[in-house]
Amino acid sequence: MTQQTQPKTERYNPREIEEKWQQRWEADGLYTTDLSDTREKFYWLTMLPYTSGDLHVGHWYPMAPSDAGARFYRMRGKNVFYPIGFDAFGLPAENAAIKRGIHPRKWTYDNIDRMRGQLKSMGAMFDWNSEAITADPEYYRWNQWFFLKMYERGLAYRKNAPANWCPGCQTVLANEQVVNGACERCGSTVVQRDLEQWFFRIRDYAEELLDFSKMDWPDPVTTMQQNWIGRSEGIEADFGLDIPGVGQTAIRVFTTRPDTIFGVTFMVLAPEHPLVPQITTPEHRSAVEAYVEQARRQTEIERLSTEREKTGVFTGAFCTNRFNGRQVPIWIADYALAWYGTGAVMGVPAHDERDFEFAQKFGLDCNVVIAPPDWDGSPLTGAYIEPGTMVNSGQFDGLSNNDGKSAIADYAEQQGWGAKTVTYRLRDWLISRQRYWGTPIPIVYCDADGVVPVPEDELPVRLPDDAEFSPTGESPLAKHAGFVNTTCPKCGGPARRETDTMDTFMDSNWYFIRYLSPQYHDGPVDPAVARDWLPVDQYTGGAEHAVMHLLYARFFWKVARDLGLVQGDEPFLRLFNQGQILGPDGQRMSKSRGNVIAPDEQVQKFGADAFRCFLMFIGPWEEGGPFRLEGISGIERWLARAWNLAIADPAFGDADARDLRRLTHKTIRRVTEDFEGFRWNTAIAALMEMVNALSRAREAGAVDRTAWDEAIDSMLLLMAPLSPHIAEELWERRGRPYSIHQQRWPAWDPGLAKEDEITLIVQVNGKVRDRIQAPAGIGEDDARRLALASEQVRRQLGDNEPRKVIYVPGKLINIVA
RNA sequence: GCCGGGGUGGUGGAACGGUAGACACUGCGGACUUAAAAUCCGCUGCUCGCAAGGGCGUGUGGGUUCGAAUCCCACCCCCGGCACCA
């Protein structure tokens, strides 16, 4: 509109300022946290990156907003600790190294060097003095130490068990690492193999892990953990067994439906159930053996297929339902899972869908014991699983099935036929891996002394660099004579080392503890620092870790607590899950898809500040979504306009400061509240509005000097967490004291932020017909007078008298005719 | 199948039960420029109308309410997790 004489000013050029400030901040140790400082501590943690190669947008998306959050709390006066490290062990690094024919150590540490530079280019306030790398012997030494402590307490044990075997990665996997029957990493179909493996007793903590009351976590994550742990209340009940030559006299089942126990018409054992070979009668032996063999060969995918029809074979044996004395046939079927409950299921076709399907297929009886409300006694066409009245259940007839549950449970306990119990879906954590790039398990096998833990003072058991590490199905360390052959710590005789390594999730269990004293030699953490700084106050990271890292880490923390190492029951008091950032095609970003966005180029082109802000602006952080670069020009324009506002003053003069001050204080309020709720996108929108309003104010003529300075200074302070470089540069150019990142967060004055004029919305029958400017404190009578005087309202109303008027103070008036 | 989360303009997205579409991108028009870029200004949900103004609009269908994107019921679709868990 008006001819604008742009002052001859320097243009915003991120390349000129960003590196300069990064170097200055580093040289000044600006982001080094003094852990002995007495101000209120705030441990802000972002999930550590895996060292798989270059950083891409998938790394920036979680980290840039997290950095803004950490900076925000720092400016609010907290002593913020915001560390970073590298998750360096594990299959992906090892596989990548093998593919390229280089040593995993070299591959990993080269990546770390590159990633460190990339992370610094982000302008994040990471405290690099606290860096921890999980593949360092001084780190994994304490993995081993923890293992020994757990072994001492019986929390680490060894057992031969069927394990998830990935033929691609040539190693076993934890239950949590099998996704739809396939390896989480390489996608190979997982098969079952019997192996001697090390486990952690996470099940011992199942009950406590279900208590989420001591932390503030997003609901979806706690729900996922709850489902994963899968607590079920029920009873274990014994069915009588009277088979010549079989010592055992009962088969124990687990059921959540004791109320249906009179309806049992058959029994199902898992193919792997130990009683199967003993009870099978000679004429059924070959069929049973064939079935067991076929079940063993099945892949997880085949076994899990829901479309599959029920299969099973009769063993020829019978057992007795002690409640009604009925003899029922014992079958084996793979829908009974060996590891869940007791590995045996009582078949109640009338009241369980799976049992119904099984009975239908094999012509087994179906006895109704819970009557549907208007049941006429005719056969069921499907399992009835809803509540009902008990029938055909002896003395329990007539009870509601809900009452029957406890009545039968009590009766079973009285008779000694069973007991109330709780079963979990969660399995113990299998930590052995037959791979090279991990923490060696500190155990020695001696012919004389058996399993012998390596003494603490011999830690770390070092991972040899010169192993032949291509996977063969056996741990590569097994072929390294220098590693394997050792002496028994107990008797001094010849012994062999354990050659498996630990699951890499062991590393991420406690890295945030190590950050506090990464150089500490006398334990995993300096106890004094741990006492002051743990637990983590705010954790941010992806929801993909809901049932792996986040569950393991909670378990591990509770073990560390029981060892007296840390205090409190939970490691992460608050959690925020950002959404997944996807490629422009809406697909998960991956090198193989070719949809990876490299931040380095974007930083070159737009600057780190613009790129950070853009990632925060594209949408709500928790939602993620496809990344498209298109909108970034809006961010560039905003930063450039902010720059121009800050380096060139408007025409100062006698002017009303009220509007300007209201703008400032309203914006402070909005940005502060948005930051508290991780709403970076709307915070940036508020700052954009401020820039737009300030530009208009400058155009409009004379501006009050004090109000202008307050506005610009506040704006820079509000921008500092989002775009640290430009904020620092402009702060300096305006002659303010270094560093902006050490300034206090601005406070808003509610009186100044308040509007003194409102737009009164005038509705007739709920439809907006007019908007009238009115004083903010307008009362109902005045509002009504204004509204009824409106020409629009009169036209809508016609001859009708208003029947009712609804007034929402300061907002709206609705005239109902 | 079960458990979460979500469906709003051409696009990303805003909206304590109270102006739907803030903020931005794109597009269109204009200013500046020899020209372009950059910058600045205006318009930009659909639709009827010359206009004033009206109608329709938040996945679908109902309901509650003076008033619903928001609350309730039923359903459809998308994303994530779990999946024969007895």
If you measure from the C1' atom in rG21(B) to the same atom in rG57(B), how many Å do you get, rounded? 11 Å
So, R231(A) versus Q226(A): side-chain donor-acceptor pair below 3.5 Å or not? no
Can you tell me how far P in rU11(B) sits from the matching atom in rA22(B), rounded to whole Å? 15 Å
Any side-chain donor near an acceptor of the partner, Y291(A) and T311(A), under 3.5 Å: yes
Suppose you measure atom P in rU60(B) against the same atom in rG10(B); what distance do you get, rounded to whole Å? 14 Å
I235(A) side chain reached by V253(A) side chain, heavy atoms, under 4.5 Å: no
Between rA20(B) and rU70(B), how many Å separate the two C1' atoms, rounded to a whole number? 11 Å
Under 4.0 Å, heavy atoms only, any strand: does R641(A) hit a base, just the sugar-phosphate, or nothing? sugar-phosphate
According to a strict under-4.0 Å criterion, is R425(A) in side-chain N/O contact with OP1 or OP2 of rC82(B)? no
Test item: side-chain donor near acceptor, R641(A) and N692(A), under 3.5 Å: yes
In whole Å, what separates the P atom of rC40(B) from that of rC76(B)? 50 Å
Residue-phosphate contact under 4.0 Å: Q580(A) side-chain N/O, rG80(B) OP1/OP2: no
For D674(A), which residues count as a salt bridge (Lys or Arg N to Asp or Glu O under 4.0 Å) partner, sequence neighbours excluded? R679(A)
side-chain N/O N577(A) vs rG80(B) OP1/OP2, d < 4.0 Å: no
Separation between the P atoms of rC2(B) and rG13(B), rounded to whole Å: 29 Å
Nearest-Å distance once atom C1' is located in both rA74(B) and rC82(B): 26 Å
Please work out if V816(A) contacts a base, only the sugar-phosphate, or nothing of the nucleic acid, heavy-atom cut-off 4.0 Å. sugar-phosphate
Test item: R257(A) and N401(A) side chains (from C-beta on) under 4.5 Å apart, heavy atoms: yes
Residues touching RNA chain B, which here means a heavy atom under 4.0 Å, drawn from residues 622-629 of chain A: none
Whether Q796(A) contacts rG53(B) is assessed here as follows: a side-chain N or O lying under 4.0 Å from the phosphate OP1 or OP2. Is that the case? no
Does I761(A) reach a base, just sugar-phosphate, or nothing at all? Heavy atoms under 4.0 Å. base
Can you tell me, in whole Å, how much space there is between the P of rA68(B) and that of rA83(B)? 43 Å
Strictly by side chain to side chain donor-acceptor pair (under 3.5 Å), give each pair with a member in residues 804-817 of chain A just once, sequence neighbours left out. none
Evaluate E236(A) against K420(A) for salt bridge (Lys or Arg N to Asp or Glu O under 4.0 Å), listing each step before the verdict. CA-CA 6 Å; E236(A) 282 188 1; K420(A) 290 175 203 163; over 6 Å; no
Need one value for N227(A): base, sugar-phosphate or nothing, where a base atom within 4.0 Å counts as base even if backbone is also close, heavy atoms only. sugar-phosphate
5' precedence on RNA chain B between P620(A) and P220(A) (nearest-nucleotide basis): P220(A)
Heavy-atom nearest nucleotide on RNA chain B taken for W228(A) and for W339(A); more 5' hit belongs to W228(A)
N or O in side chain of S633(A) less than 4.0 angstrom from rA24(B) OP1/OP2: no
Pick base, sugar-phosphate or nothing for N681(A), based on heavy-atom distances below 4.0 Å to the nucleic acid. sugar-phosphate
